[in-house]
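Only this structure's heavy atoms are used, side chains among them; waters, hydrogens and symmetry mates stay out. Indexing begins at 1, ligand by ligand and atom by atom, following the structure's order.
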Amino acid sequence: MNKAAVVTSLLQGLSREPIVERAEAFAPANIALCKYWGKRDIELNLPVNASLSVSLGDLGAHTRISVIQDDYDKVVLNGKEVEKDTVFSQRVRQFLDLFRTSASMRFCVETTSTIPVGAGLASSASGFCALARALDQLFGWELHASDISILARLGSGSAARSCWNGFVEWCLGERQDGMDSKGVPLDLSWPGLRIGLWILDAHQKPISSTEAMQHTVNTSPFYSLWAAQQHQDLMSLKTALFDRHFVRMGEIAEANALAMHALMLSARPAVLYSSPQTVASIQQIWDYRRSGLSVYFTQDAGPNVKLLFLQQDEAAVLEAFPGLCVVNPFAMETSHVS
Ligand code: PMV
């Protein structure tokens with residue numbers, strides 16, 4: 001099955017004509033505490049394992065969309081038009097291809113990201129989810145959030161989790177068409193939880209997550225161990241979250257991220273996202289933890305680390321790690337400290 005067939009089946013009976021001139025939507029970025037690393041269906045972005053994330057409140061993508069009379073789609077990111085032949089613009093255009101009513105229909109997509117530049121989160125997740133939401137409004141479909149999650153997944157896997165605030169599980173599903181592989185919000189809030197974005201390196205990653213993921217699946221001799229471990233981590237993580245057991249949650253999230261990076265290191269040739277600063281910062285986190293500070297981390301497809309801690313330790317964490325961008329995922333507010 002291909003993406004176009006999924007879209008056709010999802011939008012059956014719905015209008016393919018815009019009902020407004022311009023639509024605008026927001027979607028938060030999300031950080032996985034239990035990672036997605038590997039696709040069982042590359043075309044539909046269906047994962048090998050379920051994953052679980054926390055959304056970052058008001059940090060994410062604001063996207064405006066309109067239909068324009070032009071030869072090409074116009075893609076604007078943070079006020080600057082993106083060149084047609086960049087990977088970014090091509091990914092957006094290929095996604096838009098799924099929704100054109102005629103081959104000559106063109107869109108203007110303007111995205112403003114509220115994520116700090118270089119946080120390793122200029123992520124496709126919030127971008128594709130915001131775009132799917134904006135399309136929903138442009139065409140007046142009024143889709144359920146879980147259907148938007150399916151559309152967003154077709155743009156980028158982790159975007160399936162950006163359709164809600166708070167904790168979201170991206171269910172594995174078992175259908176070939178992926179209609180059951182979508183985000184489901186967890187009925188639980190944790191107002192005391194804090195996430196610290198620690199920007200160590202603002203450079204573009206050397207290899208995209210899509211490419212690195214597939215390379216790991218294809219070449220790591222340990223990949224077959226990943227899915228089983230992931231299932232266990234996900235179960236334990238959910239229990240820790242519902243118990244509001246911070247230490248257990250931190251231990252699982254940290255171990256899960258390290259296992260994902262270890263898996264990448266075992267690919268042939270290896271994929272290494274960590275920089276010397278990443279390693280130094282991990283050691284620093286472990287040193288602080290040994291001295292009694294309850295702080296854990298997670299790391300995605302880049303060198304930056306994201307700290308996990310509780311509100312009660314915020315002052316101590318900021319003293320230990322100055323310059324951290326602190327996110328309160330359950331208050332829709334962020335504070336930037338330098
Ligand atoms: O959705 P993608 O293709 O950007 O992959 C995301 C991969 C990780 O961020 C490393 C893990 C995750 O679950 O978000």
Counting only heavy atoms not in Arg268, do more than 12 fall under 6.0 Å of its CZ? no
Is a side-chain donor or acceptor of Thr216 paired with a backbone partner of Met264 at a separation under 3.5 angstrom? no
Within ligand 1, which atoms have a heavy atom of Ala32 less than 4.0 Å away? 12 (C), 13 (O), 14 (O)
Please report whether ligand 1 has a polar contact with Ser51, defined as an N or O pair separated by less than 3.5 Å (distance criterion only). no
Identify whether Met249 and Val168 are in the same connected component of the hydrophobic contact network (ILVMFWY, side-chain heavy atoms under 4.5 Å). no
Within a radius of less than 6.0 Å around CG of Asp243, do more than 12 heavy atoms belonging to other residues, nucleotides or ligands occur? yes
Close-contact set for ligand 1 against Ala301 heavy atoms, below 4.0 Å: 10 (C)
Lys74, NZ atom: more than 12 neighbouring heavy atoms under 6.0 Å: no
Heavy atoms only, cut-off 4.0 Å: how does Ala159 contact ligand 1, side chain, backbone, both, or neither? neither
Which of the numbered atoms in ligand 1 are under 4.0 angstrom from any heavy atom belonging to Ser124? 4 (O)
For Ser156, counting its heavy atoms only, list the atoms of ligand 1 lying under 4.0 Å from any of them. 1 (O), 2 (P), 4 (O)
Give the residue, atom name and distance (to 0.1 Å) of the protein heavy atom nearest atom 9 (O) of ligand 1. Asp300 OD1, 3.5 Å
Do any N/O atoms on Lys39 end up under 3.5 angstrom from N/O atoms on ligand 1? no
Of the listed options Gly302, Ala212, Ser158, closest to atom 1 (O) of ligand 1 (non-hydrogen atoms): Ser158
Does Ser209 reach ligand 1, in the sense of a heavy atom lying below 4.0 Å from it? yes
Leu307 versus Ile195: any side-chain heavy-atom pair under 4.5 Å? no
Which option out of Phe128, Tyr273, Tyr36 puts a heavy atom nearest to atom 7 (C) of ligand 1? Tyr36
Tell me yes or no: between the side chains of Gln176 and Asp41, is some donor less than 3.5 Å from an acceptor? no
Asp233 and Lys238 ion-paired at < 4.0 Å: no
Would Lys35 count as being in polar contact with ligand 1, using the rule that some N or O on each side must be under 3.5 angstrom apart? no
One finds that the ligand 1 atoms under 4.0 Å from a non-hydrogen atom of Gly157 are 1 (O)
What protein heavy atom sits nearest atom 5 (O) of ligand 1, and how far away is it? Met213 CE, 3.5 Å
Against Asn45, only a single residue in Lys3, Arg40, Arg153, Lys39 fulfils side-chain hydrogen bond (donor to acceptor under 3.5 Å, both in side chains); can you say which? Lys39
Within 6.0 angstrom of Tyr72 OH, more than 12 heavy atoms from elsewhere: no
Trp37 N/O under 3.5 Å from ligand 1 N/O: no
Go through ligand 1 atom by atom and flag the ones less than 4.0 Å from a non-hydrogen atom of Arg161. 12 (C), 13 (O), 14 (O)
